[in-house]
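One is the number of the first residue; the rest follow in order along the sequence. For the numbers below, each heavy atom of this structure counts, side chains included, while hydrogens, waters and symmetry mates do not.
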Amino acid sequence: MNLPDNKINFSDLLSPATASSLLQYLTQLDRHTENALSNRLCLDEDEYLREWRSQWQKLSTTQPDNTYSAGLIIDSERLATDWLIQLFNTLFTNQQVILVRSEGEPEYFPAQDNEPARIEFAHGFFASALHELSHWCLAGDARRQLPDFGYWYAPDGRTEAQQQAFERVEIKPQALECLFTLACGRNFQVSQDNLFADFDTSSSTFASDVYQQVESYIAKPYTLPRDAKTLLTALISVCTPSSEINA
């Protein structure tokens, strides 16, 4: 993996064989965990997962490429995000939280007045949804009671010190996002979110730090946050073809 940060290939982290082994480990880990979560679905028997698998297979066989019109690409993205919203909102129905498409920037609103918490992702983008779900998975019960989980955030145009702080706190969220993305059979790229930086960023090790964190999660799945295990198990089970999982 000794490559410059901007040339790191994340796609080889979750090969079919690795995904299969990870799914088996996560499933066994769940079965041996006392007080199993009431929101866990039975991956082998649940009708919802069978339907999500069928829907994802249809979406995957019609994924647009660069030869498709902008309209078809937008429509495909909308269908994929609709699918993800349905999966998440059903999978975590007992946690009083919903995933919501936003026309603007991402934001998290804690539950209040008998209304569920809302995870709003940016501009309806699938990648943004996975990223916001990663932050939710990492946030403990206390942070889930706070707007935007109580996290510090400075927009693009940060100082060098702010950028370094941003990258430190983004390693684990983007590592989880990477796993979720690869489980869906999509390509992943890190985001330093610094298009307007006016300082030299060539010495940043952010991408390699994220890569190493993903490797660590794969090698030690028990270190994954509780809800990340649930979501990742579902995504691998649903999105990876059965022929590859059972190979």
Side-chain angles (χ1 to χ4, degrees), residues 10 13-14 26 37 39 77 80-81 83-112 115-156 158 162-184 186-194 206-207 209-214 216-218 221 223-236:
F10 286 86
L13 280 166
L14 203 63
L26 289 171
L37 294 175
N39 63 2
E77 182 80 354
T81 53
W83 173 89
L84 181 61
I85 288 170
Q86 182 187 37
L87 182 146
F88 178 84
N89 290 351
T90 304
L91 193 63
F92 294 98
T93 186
N94 291 342
Q95 294 211 39
Q96 294 298 300
V97 60
I98 55 174
L99 180 64
V100 180
R101 177 186 282 103
S102 170
E103 296 302 322
E105 296 303 314
E107 193 166 359
Y108 172 77
F109 300 91
Q112 60 179 352
E115 293 294 325
R118 294 165 60 89
I119 306 169
E120 296 194 0
F121 59 97
H123 307 292
F125 294 145
F126 191 88
S128 176
L130 292 181
H131 184 75
E132 297 312 310
L133 290 180
S134 300
H135 277 292
W136 179 78
C137 287
L138 282 162
D141 291 338
R143 282 193 176 273
R144 290 181 183 181
Q145 307 306 312
L146 303 174
D148 275 343
F149 310 113
Y151 289 138
W152 164 87
Y153 179 76
D156 195 353
R158 292 178 285 271
Q162 287 175 326
Q163 181 63 29
Q164 290 172 352
F166 169 83
E167 292 181 5
R168 283 195 298 272
V169 300
E170 277 287 304
I171 291 172
K172 285 188 175 181
Q174 293 204 27
L176 287 184
E177 179 191 349
C178 176
L179 280 172
F180 297 154
T181 303
L182 297 177
C184 293
R186 291 187 164 213
N187 294 325
F188 172 80
Q189 290 184 326
V190 295
S191 173
Q192 291 177 289
D193 193 27
N194 63 347
F206 181 59
D209 292 339
V210 172
Y211 189 104
Q212 290 169 14
Q213 182 61 57
V214 179
S216 177
Y217 278 143
I218 292 174
T223 64
L224 286 161
R226 178 195 65 194
D227 293 320
K229 293 173 189 173
T230 299
L231 181 56
L232 184 58
T233 302
L235 290 175
I236 294 176

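Taking both residues in full, the closest heavy atoms of Leu14 and Ala183 are given as CD2-N, 3.7 Å, listed atom of the first, atom of the second, then distance. Annotation for Ser191 and Gln174: closest pair O-NE2, 2.8 Å, computed over non-hydrogen atoms. Of all the heavy atoms in Cys184 and Phe126, the pair that sits closest is SG-CZ, 4.0 Å. Smallest separation of non-hydrogen atoms from Leu26 and Lys229: CD2-CG, 4.1 Å. Scanning both residues, Asn89 and Ile98, for their nearest heavy atoms gives OD1-CA, 3.3 Å. Minimum interatomic distance between Cys137 and Pro225 (heavy atoms only, all atoms of both residues): O-CB, 3.3 Å.
Using a 4.5 Å heavy-atom cutoff, the side chains of His123 and Ser128 are not in contact. Inter-residue side-chain proximity for Lys172 and Gln213 is flagged as met; some heavy-atom pair is nearer than 4.5 Å. No side-chain heavy atom of Val169 sits under 4.5 Å from any side-chain heavy atom of Tyr151. Contact check for Cys178 versus Tyr217: no side-chain heavy atoms found under the 4.5 Å cut-off. Using a 4.5 Å heavy-atom threshold, the side chains of Ile171 and Phe206 count as touching. Two residues are said to be in side-chain contact when any heavy atoms from C-beta on lie closer than 4.5 Å; Asp209 and Glu167 fail this criterion. With contacts defined as side-chain heavy-atom distances shorter than 4.5 Å, the pair Ile218/Leu179 qualifies. Within the 4.5 Å cutoff, side-chain heavy atoms of Leu224 are placed close to those of Leu176.
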Check: How far apart are the C-alpha atoms of Phe109 and Val100, what are their side-chain angles, what is the distance that settles it, and do they pass the side chain to side chain contact (heavy atoms under 4.5 Å, CB included) test?
Finding: CA-CA 11 Å; Phe109 300 91; Val100 180; over 6 Å; no
Next item on the list: For the pair Thr81 and Phe121, evaluate side chain to side chain contact (heavy atoms under 4.5 Å, CB included) and give the outcome as yes or no after the intermediate values.
Entry: CA-CA 10 Å; Thr81 53; Phe121 59 97; 4.2 Å; yes
Notebook entry, point to check: Checking side chain to side chain contact (heavy atoms under 4.5 Å, CB included) for the pair Leu87/Leu99: CA distance, chi angles, key distance, verdict?
Noted result: CA-CA 10 Å; Leu87 182 146; Leu99 180 64; over 6 Å; no
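Within the model, atoms OG of Ser102 and CD of Glu120 stand 5.0 Å from one another, a figure rounded to the nearest 0.5 Å. Interatomic distance, CG of Leu133 versus CG of Leu235, reported as 9.0 Å (0.5 Å rounding). Distance check, rounded to the nearest 0.5 Å: CD of Gln145 to CD of Gln112 gives 10.5 Å. Atom CD of residue Glu132 and atom CZ of residue Arg118 lie 13.5 Å apart, to the nearest 0.5 angstrom. Going from atom CZ of Arg144 over to atom CG of Asp227 covers 4.5 Å, rounded to the nearest 0.5 Å. Of the inter-residue distances, the one linking Phe149 atom CZ with Trp136 atom CH2 reads 8.5 Å to the nearest 0.5 angstrom.
Between the side chain of Ser216 and the main chain of Gln212, no donor-acceptor pair closer than 3.5 Å is present.
For Tyr108 and His135, the gap between ring centers reaches or exceeds 6.0 Å. Aromatic ring centres of Phe92 and Phe88: separated by under 6.0 Å.
Taking 4.0 Å as the cut-off between side-chain N and carboxylate O, Arg101 and Glu77 do not count as a salt-bridged pair.
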